[in-house]
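Structure first, then comments.
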Amino acid sequence: MKKLLPFLLALLLLVMGTAMAQLQPEPMGKIETLPEKWPAHWVLAHDVSFSRVMDGRTIVLDLDEENPARAYKGMMNNSFAAFMAQATTRPEIYFASIYYSRGTRGERIDVLEIYDKQTLSPIGEVVLEVPRAILLPQRFTMQLTRDESLVLLYNFTPAMSVSVVDPVARELRGEVPTPGCAAVFPTGERGFSSVCADGTLYTVQLDADGQPASTSRSAQFFDAGVDPLIEKAAWHAGKAWFPTFMGQLQPVDFTGDQPVIGEAWSMIDEETTGWRPGGLAPAAADADGRVYMLAHPEGREGSHRDPGMEVWVFDPDQQQRVDRYELAMPGLGVSLTRDREAPLLVVLNVEMALDVYDARTGELRKTVANFGAETPLLVYGAE
Amino acid sequence: MKKLLPFLLALLLLVMGTAMAQLQPEPMGKIETLPEKWPAHWVLAHDVSFSRVMDGRTIVLDLDEENPARAYKGMMNNSFAAFMAQATTRPEIYFASIYYSRGTRGERIDVLEIYDKQTLSPIGEVVLEVPRAILLPQRFTMQLTRDESLVLLYNFTPAMSVSVVDPVARELRGEVPTPGCAAVFPTGERGFSSVCADGTLYTVQLDADGQPASTSRSAQFFDAGVDPLIEKAAWHAGKAWFPTFMGQLQPVDFTGDQPVIGEAWSMIDEETTGWRPGGLAPAAADADGRVYMLAHPEGREGSHRDPGMEVWVFDPDQQQRVDRYELAMPGLGVSLTRDREAPLLVVLNVEMALDVYDARTGELRKTVANFGAETPLLVYGAE
Amino acid sequence: MKWLDRLIEGRTRDLAQRSSRRSFLARVGTVVAGSAATLPLLPVARAQDEGSVPESGDPHSCDYWRYCATDGFLCSCCGGSASSCPPGTEMSPITWIGTCLNPVDNTNYIISYNDCCGKSACGHCMCTRNEGDRPIYRPQLNNEYNWCLGTQHQTYNCSVARVIGKAFD
Amino acid sequence: MKWLDRLIEGRTRDLAQRSSRRSFLARVGTVVAGSAATLPLLPVARAQDEGSVPESGDPHSCDYWRYCATDGFLCSCCGGSASSCPPGTEMSPITWIGTCLNPVDNTNYIISYNDCCGKSACGHCMCTRNEGDRPIYRPQLNNEYNWCLGTQHQTYNCSVARVIGKAFD
């Protein structure tokens with residue numbers, strides 16, 4: 001500030017010599033804040049800024065706000081296709097960012113950044129000693145344990161492992177090797193599972209210090225050489241529904257200490273022969289456990305990340321499709337708001353805008369475009 | 001690399017067990033290089049990436065290449081609306097970047113980055129102790145002295161000063177205060193001038209160590225309260241031509257130790273009543289000393305950065321306009337290639353593409369678009 | 001820069017027609033006064049008897065009367081308002097100054113264009129109007145500078161337009 | 001991702017029609033083999049008697065035969081070529097692998113998709129074709145990972161497609 005003083009004094013003199021009428025000036029330094037618990041129809045558009053990936057940001061949007069300018073509630077910076085997760089028992093959001101001392105080069109540091117939901121400010125960080133995986137963003141690269149005592153991050157160096165962080169004590173607890181197994185699915189109160197190339201789940205339960213207490217491996221339940229399981233699952237309340245390349249839906253219950261692998265069934269019927277699931281975030285579930293799936297016709301080898309032309313709604317308990325929504329614009333990702341009353345289905349379309357549909361009817365409510373995001377590849381409903 | 005070894009070994013085993021016919025594989029690790037002296041029709045598109053400003057880049061383009069994919073010769077990263085300057089006696093390009101330890105926040109460091117033109121790699125840096133000015137990019141915020149022994153950078157904290165760096169010894173030489181005066185115009189062999197709010201030029205000559213040897217101030221030659229001089233001058237071989245808001249052209253000869261201020265004259269005639277110069281980089285000169293000026297009709301208070309609808313070509317010695325080029329698309333900046341034979345006039349248009357005109361005739365040769373730049377606000381001809 | 005706004009927002013086709021744009025405030029802004037944003041110091045801050053500023057127009061639009069010398073993203077589209085910063089940013093204590101005509105009372109007001117800092121570009125509602133803007137050698141009247149000075153970080157997020165006084169005409 | 005390419009290059013309007021795109025290689029890529037980029041170690045690197053790969057097509061186009069499992073910016077548009085990196089970058093020593101059908105000799109070749117690293121995104125010629133791509137739990141066959149591993153920096157600039165061998169059909 002020392003350098004500022006002569007300047008401020010000069011300005012003061014300038015103003016005192018200028019003819020100005022009296023008026024109460026508007027206050028200096030007013031900063032907005034947000035509620036501790038965000039409304040159900042707020043979402044986080046996670047813009048990894050694909051072509052400027054070191055300057056990413058996550059934008060908070062109110063989908064109930066009719067004025068697009070006012071829908072933008074604020075933004076949090078993060079970097080290099082940051083991982084993201086929200087707490088529900090604390091007003092906190094976590095990002096795992098990577099920084100270099102010279103932007104795109106120099107010394108690398110990986111950090112877990114803790115943001116406060118009311119101020120959208122970083123309130124702490126934990127340095128990650130193991131380099132985080134770098135990949136196209138998806139949800140199951142970073143998760144909180146069900147008790148929210150630990151944050152789990154997927155590493156790929158190319159050795160595969162999971163870092164365990166205590167976000168309250170703000171300490172790194174350690175690294176758990178997961179050879180041949182990727183991603184993290186919270187399992188039980190304080191454990192996780194990873195999906196393995198051999199068609200199994202590898203499960204690790206952690207103790208109160210975040211150290212492995214037990215490990216186990218499921219029976220083989222899919223064959224990656226025949227019909228690969230897509231790890232980008234729909235998730236609700238500890239239950240996951242995994243699509244496969246060929247259109248099976250594989251339920252897994254992660255609420256207990258060991259995952260319970262359900263019976264897979266086909267999402268494809270005579271009406272939809274040749275269709276397949278696809279996209280960057282092809283699946284999501286609502287608070288009633290209905291599963292929403294992006295699907296495209298004329299599926300073929302390599303089409304598993306193609307945009308979906310429709311969203312199919314499934315009742316997974318009944319193992320049946322309950323609705324088909326034709327999309328206004330092909331979609332790359334789906335997500336749901338958390339409410340049961342009037343849930344919104346948010347579809348990231350191929351123009352990188354958000355198409356907001358009534359999740360119950362498939363009616364297009366609005367399109368949120370031009371809100372300052374380049375590639376908001378993942379959208380999260382506010383927890 | 002230690003972590004890689006098991007992975008590589010696993011891959012090796014995998015490959016050895018895979019049926020593959022014999023074939024000479026294409027070489028691993030081949031990296032392209034560029035010539036030491038770049039062809040005259042290469043340009044540098046300085047993309048400050050306005051909406052992702054911490055992840056900027058400068059792209060090297062060959063305007064003679066007909067295949068747009070091949071026109072892209074390479075890229076150099078830089079950050080926060082980096083200043084840029086090219087040496088002519090060394091194959092070096094300089095950027096003054098700003099980095100934070102956490103991307104957009106944390107500890108700030110300002111560095112002069114030295115890039116090699118053949119490898120497009122950083123070969124050195126000098127840490128700048130005085131914070132560099134941060135503003136919309138323009139050419140005269142960083143310049144080499146005429147003897148190329150020193151790099152000069154404009155600081156604004158809001159105190160105004162110039163940092164002096166020795167790019168060969170890679171050392172900061174010091175800071176020269178320039179109170180009330182902005183930008184750097186190389187003056188004499190090893191000095192600079194800045195433009196001052198009181199309508200004068202403030203000139204500092206430096207000794208071999210980069211320390212101020214003498215300072216001087218010109219007579220007042222413009223009145224910023226009546227018709228402000230635009231510091232974004234056309235420049236060639238030590239001579240500058242400054243437009244003013246109202247359309248005067250002010251020549252200044254910076255080749256001697258003291259700037260020689262020429263007679264200003266109006267670029268506006270009866271045909272062009274109401275027109276004014278404007279844009280982000282409104283003026284440039286070619287190797288013959290002709291001046292190219294962006295101009296727009298219906299000039300008004302506040303239009304001094306509006307896009308130009310035409311480029312006017314002036315013979316400044318004759319004090320006359322020699323041509324008017326109507327632009328295919330309104331332009332925000334002009335620059336010239338260095339050659340006398342067939343110079344190209346590059347116009348940054350309002351869609352952020354580069355319209356390439358024959359500088360002699362004003363004929364549109366091509367448009368270079370979609371080359372990976374967001375906001376290439378300044379274009380430099382290769383020196 | 002409206003052209004930049006449109007560029008960033010992906011709608012650039014109609015720019016050519018716009019290049020000689022005039023807003024309803026086009027002739028305002030030639031009278032410019034300096035001021036400071038550290039307002040508690042200033043005489044203008046001490047009088048509170050004239051009430052509030054009469055308002056019209058949309059603070060989310062670049063045409064809004066206060067924005068006559070704005071160059072940047074409008075904080076009103078970024079989680080702030082015409083006079084407050086978005087969550088998690090910091091308002092710069094010093095800034096550039098403009099004088100804009102309020103169409104309701106046909107009076108010129110002195111506007112402080114403080115930048116909100118510490119996060120990178122909002123990227124929403126880019127607005128450039130240069131009425132009263134002067135070159136970089138007159139900093140207090142220049143909107144090309146990043147005015148995130150005296151703040152913890154210099155990263156630029158958006159700009160507010162605070163009324164800090166009336167200018168006698 | 002062609003949709004992303006078009007987005008980044010600002011031409012998105014015709015995407016809807018493209019969403020069930022098929023390239024002339026659409027049915028290629030189901031046979032996938034692993035390999036490594038550290039080729040001097042590998043048996044395939046030792047034989048040099050079969051000469052060069054017959055070529056057709058444009059290496060600057062996403063439709064080029066070698067790009068059947070590419071996901072990223074084509075180095076051929078970024079200052080490199082189909083098999084070399086742009087100036088100032090570093091080629092990653094390990095990578096993902098695909099098998100693409102060469103239309104000239106109707107033979108499947110094994111392709112190493114090395115990333116060029118140390119600069120941020122080229123931003124030019126985004127290309128995604130996922131033939132043979134498998135989920136992230138099978139890394140050597142996955143193109144979602146940033147393969148700038150074993151390099152000095154992990155920043156991703158573009159991807160090359162090097163022929164490293166023939167696959168017996």
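Note that the coordinates shown come from a computational prediction; the quantities given were computed from them, not determined experimentally. Chain letters run A, B, ... following the sequence lines, proteins first, then strands; residues in each count from 1.
Under the salt bridge (charged side-chain N to carboxylate O under 4.0 Å, His left out) criterion, A:Lys366 pairs with A:Glu66, not counting sequence neighbours. Among residues two or more places apart in sequence or in another chain, the salt bridge (charged side-chain N to carboxylate O under 4.0 Å, His left out) test is passed with C:Glu90 by none. By the salt bridge (charged side-chain N to carboxylate O under 4.0 Å, His left out) test, A:Glu148 is found to be paired with no residue, residues two or more places apart in sequence or in another chain being considered.
For A:Asp116, no part lies near chain C; criterion is any non-hydrogen pair under 4.5 Å. Looking at C:Ala161, the atoms closer than 4.5 Å to chain A (heavy atoms on both sides) all sit in the backbone: N, CA, C or O. Of the atoms belonging to C:Ser120, heavy atoms from both backbone and side chain fall under 4.5 Å from chain A.
Of all the listed residues (A:Lys73, A:Met75, A:Gln118), the one sharing the greatest number of non-hydrogen pairs under 4.5 Å with chain C is A:Met75. When the candidates C:Gly80, C:Cys78, C:Ser81 are compared by the number of heavy-atom contacts under 4.5 Å with chain A, C:Cys78 comes out ahead. Of the listed residues (A:Ser121, A:Gly29, A:Pro122), the greatest number of heavy-atom pairs within a distance under 4.5 Å of chain C belongs to A:Gly29.
Chain C is approached within less than 4.5 Å, heavy atom to heavy atom, by A:Tyr115 from residues 99-115 of chain A, ordered by number.
Ring geometry for A:Trp42 versus A:Trp38: interplanar angle of 30 to 60°, hence tilted.
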task: Might you work through the salt bridge (charged side-chain N to carboxylate O under 4.0 Å, His left out) test for A:Glu383 and A:Arg90, ending with a clear yes or no?
output: CA-CA 10 Å; A:Glu383 294 283 358; A:Arg90 298 180 292 274; over 6 Å; no

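In this structure the side chain of A:Leu377 never reaches within 4.5 angstrom of the side chain of A:Leu332, judged on heavy atoms. Side-chain atoms of C:Cys85 and A:Ile31, non-hydrogen and from C-beta on, do get closer than 4.5 Å to each other. With contacts defined as side-chain heavy-atom distances shorter than 4.5 Å, the pair A:Leu44/A:Met76 qualifies.
The SG atoms of C:Cys158 and C:Cys75 sit under 2.5 Å apart.
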